[in-house]
S.K.: 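Got a structure for you, written out below as structure tokens; questions coming shortly.
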2 protein chains.
Amino acid sequence: MSDLLERLRGRGWRMTAQRRVVAEVLDGEHVHLTADEVHARAAAKLPEISRATVYNTLGELVSLGEVVEVSTDKRAKRYDPNAHRPHHHLICARCGSIRDVHPTGNPLADLPASERFGFTVSGVEMTYRGLCPDCAALV
Amino acid sequence: MSDLLERLRGRGWRMTAQRRVVAEVLDGEHVHLTADEVHARAAAKLPEISRATVYNTLGELVSLGEVVEVSTDKRAKRYDPNAHRPHHHLICARCGSIRDVHPTGNPLADLPASERFGFTVSGVEMTYRGLCPDCAALV
DNA sequence: AACTTGACTTGGACTAAGTCCAATGTAGGA
DNA sequence: TCCTACATTGGACTTAGTCCAAGTCAAGTT
């Protein structure tokens, strides 16, 4: 987990207690938390941390490429700390739970030039949807 | 455009002026509008239509499968009326403009059983990201 | 054509998620 | 130790969307 902190320090991040706990929360579990969940977990370690700081820090981590935003159908964005390994997502349409998945194939190669409309294409996200075992059992 | 209205009527939709203008707005242009943009265009034809009705109607069209929700990075969801033809999206990271694209390949087949975690997988969305020609010219 | 009724619409209050900002605090270099 | 540019705070604000009780109306029935 100090890997992440080292990388950030190496990039000129001023290291504060707030940034440290946010980084630790994200680095600690490979689940996909909302900003509010990150705030709650961070506040457990550093009670006076503000929501604004959590949003700021998450935004910085995203632009540094350390964390990826995932938009599910639910309203709140989720933050995926597993940004260093390329992967895609499988989301339960009912409960919103997310798994990281690794499909075979190369989806970027599947978009021919004629379908690019002059865009400079830099990446692709695949979002598989379905029902998780628990939710499927309820239906 | 009356295709859509016919289909809806055939499914037992009670046809009201409000639903008609919303359907017409979506059916009229193949752009990807936000709920507020749909409301604005609908209100141009039927000034007293309320936002709640637009949201209700969009929600119904989505659950009927006539329209697809697209979550970009921006906050508001966009509504894609081109639901009858399977396709994916190419989004400009800068201005948020969206194009429909048709990649080759079968992404569902690219997710092996070992990567499904017991989920019942029902679909997949591919979101290509990059810069549109206009935005690329600005950088 | 008038009646009936349950589905539809309305507007306004409410909630959730996120942004902004002026005042205050502090990490890290000199 | 001091300085200062960068970071944090909390609270107001905005945006996007939901909810609901009251009123309206489409379409089937007579």
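Because the structure is predicted, anything quoted here is derived from the model rather than measured. Residue numbers begin at 1 in each chain, while the letters A, B, ... track the order of the sequences.
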S.K.: Do you know the tightest heavy-atom contact between A:V101 and A:Y128?
M.R.: CG2-CD1, 4.1 Å

S.K.: With a 4.5 Å limit on heavy-atom distance, are the side chains of A:L33 and A:Y79 in contact?
M.R.: no

S.K.: Less than 3.5 Å apart, which donor and acceptor atoms pair up between the side chains of residues 36-43 of chain B and the rest of the protein, not counting sequence neighbours?
M.R.:
{"unit_1": "B:E37", "atom_1": "OE1", "unit_2": "B:T34", "atom_2": "N", "d": "2.9"}
{"unit_1": "B:E37", "atom_1": "OE1", "unit_2": "B:R78", "atom_2": "NH1", "d": "3.4"}
{"unit_1": "B:H39", "atom_1": "NE2", "unit_2": "B:I49", "atom_2": "O", "d": "3.1"}
{"unit_1": "B:R41", "atom_1": "NE", "unit_2": "B:E29", "atom_2": "OE2", "d": "2.8"}
{"unit_1": "B:R41", "atom_1": "NH2", "unit_2": "B:E29", "atom_2": "OE2", "d": "3.3"}

S.K.: Expressed in angstrom and rounded to an integer, what is the separation of B:N56 atom CG from C:dG11 atom P?
M.R.: 13 Å

S.K.: Compute the angle between the rotation axes at the two ends of the helix from C:dA1-D:dT30 to C:dA30-D:dT1, each taken over five pairs, rounded to 10 degrees.
M.R.: 30°

S.K.: Check every strand shown and say whether A:R19 touches a base, only sugar-phosphate, or nothing at a heavy-atom separation below 4.0 Å.
M.R.: sugar-phosphate

S.K.: Where does the chain B footprint on DNA chain D start and end, counting 5' to 3' with a 4.0 Å heavy-atom cut-off?
M.R.: D:dT15 to D:dA27

S.K.: With a 4.5 Å heavy-atom cut-off, do A:C92 and B:F117 have their side chains touching?
M.R.: no

S.K.: Got a donor-acceptor contact below 3.5 angstrom from the B:R116 side chain to the B:L111 backbone?
M.R.: yes

S.K.: Looking only at atom types and distance, does a side-chain atom of A:T120 sit under 3.5 Å from a main-chain N or O of B:G130, one as donor and one as acceptor?
M.R.: no

S.K.: Report the residues that fulfil side chain to side chain donor-acceptor pair (under 3.5 Å) with B:N56, sequence neighbours left out, ordered by chain and then residue number.
M.R.: none

S.K.: Go through A:E125 and A:V68 one step at a time and tell me if the side chain to side chain contact (heavy atoms under 4.5 Å, CB included) criterion holds.
M.R.: CA-CA 11 Å; A:E125 299 147 30; A:V68 172; over 6 Å; no

S.K.: Measuring only between side-chain heavy atoms, which start at C-beta, is A:L58 closer than 4.5 Å to A:L26?
M.R.: yes

S.K.: B:R19: which residues meet the side chain to side chain donor-acceptor pair (under 3.5 Å) condition with it, sequence neighbours left out?
M.R.: B:E60

S.K.: Name all residues meeting the side chain to side chain donor-acceptor pair (under 3.5 Å) criterion together with B:K74; count only those two or more places apart in sequence or in a different chain, and write none if there are none.
M.R.: none

S.K.: Not counting sequence neighbours, which residues clear side-chain contact (heavy atoms from CB on, under 4.5 Å) with B:R85? List them please.
M.R.: B:N82

S.K.: Under 4.0 Å from any atom of DNA chain C, heavy atoms only: list the residues of residues 63-72 of chain A that qualify, in numerical order.
M.R.: none

S.K.: Any non-hydrogen side-chain atom of A:T127 less than 4.5 Å from a side-chain atom of A:V70?
M.R.: no

S.K.: Without decimals, in angstroms, what is the distance between A:Y79 OH and C:dA17 P?
M.R.: 12 Å

S.K.: Distance-only, no hydrogens or angles: does the A:R11 side chain make a donor-acceptor pair with backbone N or O of A:L64 under 3.5 Å?
M.R.: yes

S.K.: How would you list, by chain and number, every residue that makes a ring-ring contact (aromatic ring centres under 6.0 Å, His included) with A:H84, sequence neighbours excluded?
M.R.: none

S.K.: Separation of A:K77 atom NZ from C:dG18 atom P, in whole Å?
M.R.: 6 Å

S.K.: Just the table, please: protein N/O against nucleotides 27-29 of chain C N/O, every pair under 3.5 Å.
M.R.:
{"unit_1": "C:dA27", "atom_1": "O3'", "unit_2": "A:M15", "atom_2": "O", "d": "3.4"}
{"unit_1": "C:dG28", "atom_1": "OP1", "unit_2": "A:M15", "atom_2": "N", "d": "3.1"}

S.K.: Indicate whether OP1 or OP2 belonging to C:dG25 is found under 4.0 Å from a side-chain N or O atom of A:Q18.
M.R.: no

S.K.: All N/O contacts under 3.5 Å from nucleotides 14-16 of chain C to the protein, with atom names and distances to one decimal?
M.R.:
{"unit_1": "C:dA16", "atom_1": "O4'", "unit_2": "A:R75", "atom_2": "NH2", "d": "2.9"}

S.K.: Do you know which two heavy atoms are closest between A:H88 and A:V124, and how far apart they sit?
M.R.: CE1-O, 3.4 Å

S.K.: What I'd like to find out is whether the side chain of A:I98 reaches to under 4.5 Å of the side chain of A:D80, using heavy atoms alone.
M.R.: no

S.K.: Could you pick out which residue, B:G12 or B:R51, lies toward the 5' side of DNA chain C when each is mapped onto its nearest nucleotide?
M.R.: B:G12

S.K.: Check DNA chain D against residues 33-46 of chain A and give the residues with a non-hydrogen atom under 4.0 Å, in numerical order.
M.R.: none

S.K.: Is there a side-chain contact between B:L5 and B:R7 in this structure, where contact means two heavy atoms from C-beta onward sitting under 4.5 Å apart?
M.R.: no

